Protein chains: 2
Amino acid sequence: MATELTIQQVAAATGLSVHTLRYYERCGLIASIDRAASGHRRYAADDIRWIEFLTKLRLTGMPIRQMQQYAALVRQHPDAAFGERRQLLIAHRQAVLQQIRQLEENLAVIYWKIQHYSKLEAQVQTNGNVKPSNAPV
Amino acid sequence: MATELTIQQVAAATGLSVHTLRYYERCGLIASIDRAASGHRRYAADDIRWIEFLTKLRLTGMPIRQMQQYAALVRQHPDAAFGERRQLLIAHRQAVLQQIRQLEENLAVIYWKIQHYSKLEAQVQTNGNVKPSNAPV
DNA sequence: TTAAAAGTTAGAGCGCACTCTAAGTCAAGC
DNA sequence: GCTTGACTTAGAGTGCGCTCTAACTTTTAA
């Protein structure tokens, strides 16, 4: 096929480093990549798509271990085990939703604190100082 | 004051381990905690509130380094430097909002994939197999 | 009074996810 | 032909954020 990319091109395309690409292959996240006669890796379009999906799992906080499980399912049963794969993704989706909820909860406190500082600053502008407080600042 | 807690009580209250509490103090995230005559730490209510805020920063992904900067500002200028502290939190808020956006973007792909697996499974139910595809699975 | 539990410190160790190095092979341009 | 840069491997190193250990002291409950 015409579109066979070198490792460096794949790095540029996916945002991963060449080191990380080799690391992912070594630890089983990526199946063995085709080689040129020289032994150099030649990535196919499918490989790129798989790597792009992997990075989405990573960016949503899935640990390498779990990605390895998922990758193993895909590799061992390319045309089956959809139920298992789906279950794994559903569990992950739950984790991500939970993570977003937690971020939003804590973010609310940060919003509050920023506003609080605005008020204190305004006090400094008018009074020259702030009245003592025992609240954590 | 009546409400002076031991390190273990604070661990239970905040969800941090006693190790982490000592570590946070050692690296300057928490100012020196009062000691009993024995040398044992005695945490005041204010300390707990500060630690709770710290954990919100951590849980939203703020690195220890940045928390140290923030803690230093609070410690060095307890009744001033509101502008600087506010700027730091505003920058962090931006980072968190960005993080949430990214999670949501990638989550959409995971949703799609789950649905895709549902369809493939349905195909297996009716056809006994799936038609070959060159899309990454 | 004494055993067990909880506290202290300095410093070592760990798990994760990369990230880099060394020593060598291969490819592309002058 | 030769240099420069990209590629290969196995394995070592890094940074982060804890987490644990060893050796010791203090508190608590039986």
Side-chain angles (χ1 to χ4, degrees), chain A residues 4-44 47-48 51-71 92 95 99 102-103 106, chain B residues 4-44 47-48 51-71 92 95 99 102-103 106:
Chain A
E4 292 208 310
L5 303 181
T6 67
I7 192 164
Q8 201 156 185
Q9 290 170 320
V10 174
T14 61
L16 299 176
S17 72
V18 295
H19 298 293
T20 301
L21 284 170
R22 285 193 276 251
Y23 163 66
Y24 277 8
E25 190 176 339
R26 215 186 321 162
C27 74
L29 290 180
I30 302 173
S32 286
I33 296 293
D34 275 354
R35 301 302 178 110
S38 62
H40 293 188
R41 289 174 180 79
R42 291 293 174 264
Y43 291 80
D47 296 326
I48 313 294
I51 291 164
E52 277 167 352
F53 184 61
L54 279 185
T55 64
K56 289 183 200 313
L57 294 181
R58 269 303 294 136
L59 286 173
T60 48
M62 185 184 283
I64 297 286
R65 280 289 170 85
Q66 207 174 328
M67 289 168 65
Q68 286 172 325
Q69 284 176 34
Y70 181 73
H92 181 56
Q99 200 190 336
Q102 195 187 51
L103 283 174
N106 292 324
Chain B
E4 293 208 310
L5 302 181
T6 67
I7 193 165
Q8 200 155 184
Q9 289 170 318
V10 175
T14 61
L16 299 176
S17 73
V18 296
H19 297 295
T20 300
L21 285 169
R22 285 193 276 251
Y23 164 66
Y24 277 9
E25 190 176 338
R26 217 187 317 162
C27 72
L29 291 180
I30 302 172
S32 286
I33 295 294
D34 277 353
R35 300 301 178 111
S38 61
H40 293 187
R41 289 174 179 79
R42 289 294 175 262
Y43 291 79
D47 296 326
I48 313 293
I51 291 164
E52 277 168 351
F53 185 61
L54 280 185
T55 64
K56 289 183 200 312
L57 294 180
R58 268 307 291 138
L59 287 174
T60 47
M62 185 184 282
I64 297 285
R65 278 291 168 85
Q66 206 173 332
M67 289 169 65
Q68 287 171 324
Q69 284 177 33
Y70 181 72
H92 181 57
Q99 199 189 336
Q102 194 186 50
L103 283 174
N106 293 324

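The figures here come from the full heavy-atom set of this structure, side chains too, leaving out hydrogens, waters and symmetry mates. Quick caveat, the model's predicted, so the values are computed rather than measured. Quick note on labels: first sequence line is chain A, next is B, and so on, each numbered from 1.
A sub-4.0 Å separation between OP1 or OP2 of D/dT8 and a side-chain N or O of A/R22 is present. In this model, the phosphate group of C/dG7 is approached by a side-chain N or O of B/T6 to a distance below 4.0 Å at OP1 or OP2. In this structure, A/R58 reaches the C/dC18 phosphate: one of its side-chain N or O atoms is under 4.0 Å from OP1 or OP2. A sub-4.0 Å separation between OP1 or OP2 of D/dC18 and a side-chain N or O of B/Y24 is present. Put simply, A/R35 has a side-chain N or O that comes within less than 4.0 Å of OP1 or OP2 on D/dT9.
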Exercise. Reading nucleotides 24-30 of chain D 5' to 3', which nucleotides get B (base under 4.0 Å from a protein heavy atom), which S (sugar-phosphate only), which -?
Worked result: --SS---
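Atom CZ of A/R22 is separated from atom CG of A/L16 by 12.5 Å, given to the nearest 0.5 angstrom. B/D34 contributes atom CG, which lies 6.5 Å from atom CD of B/E4 (distance to the nearest 0.5 angstrom). Interatomic distance, CZ of B/R58 versus OG1 of B/T55, reported as 10.0 Å (0.5 Å rounding). Note that CG of A/L57 and CG of A/L29 are 9.5 Å apart. Values are rounded to the nearest 0.5 Å.
Put simply, OH on A/Y23 is 14 Å from P on C/dG15, counting in whole angstrom units. We find that NE2 of B/H19 is positioned 18 Å from C1' of D/dC16, with the value rounded to whole Å. Taking atom CZ of A/R26 as the reference point, atom P of D/dC7 lies 16 Å away to the nearest angstrom. Atoms CG (A/D34) and P (D/dT8) sit 13 Å apart, rounded to a whole Å. In this structure, B/I30 atom CD1 and D/dC18 atom P are separated by 11 Å, rounded to whole Å. Rounded to a whole Å, the CG atom of A/L21 is 11 Å from the P atom of C/dC18. Per the geometry, CD belonging to B/Q8 stands 13 Å off C1' belonging to C/dA4, to the nearest Å. Nucleotide D/dG17 holds its P atom 14 Å from the CG atom of B/L16, rounded to whole Å.
Between the A/Q68 side chain and the A/C27 main chain, a donor and an acceptor come within less than 3.5 Å of each other.
Contacts with DNA chain D (heavy atom under 4.0 Å) in residues 59-68 of chain B: B/P63, B/I64, listed by number.
Side-chain contact between B/L21 and B/I51 is present, with at least one heavy-atom pair separated by less than 4.5 Å. The side-chain heavy atoms of B/K56 and B/T60, taken from C-beta on, include no pair separated by under 4.5 Å. When side chains are defined from C-beta on, A/L5 does not count as touching A/R42, because their heavy atoms never get closer than 4.5 Å. In this structure, B/Q99 and A/Q99 have side chains that are in contact, with non-hydrogen atoms separated by less than 4.5 Å.
Using a 4.0 Å heavy-atom criterion, one finds that B/R41 contacts the sugar-phosphate atoms exclusively.
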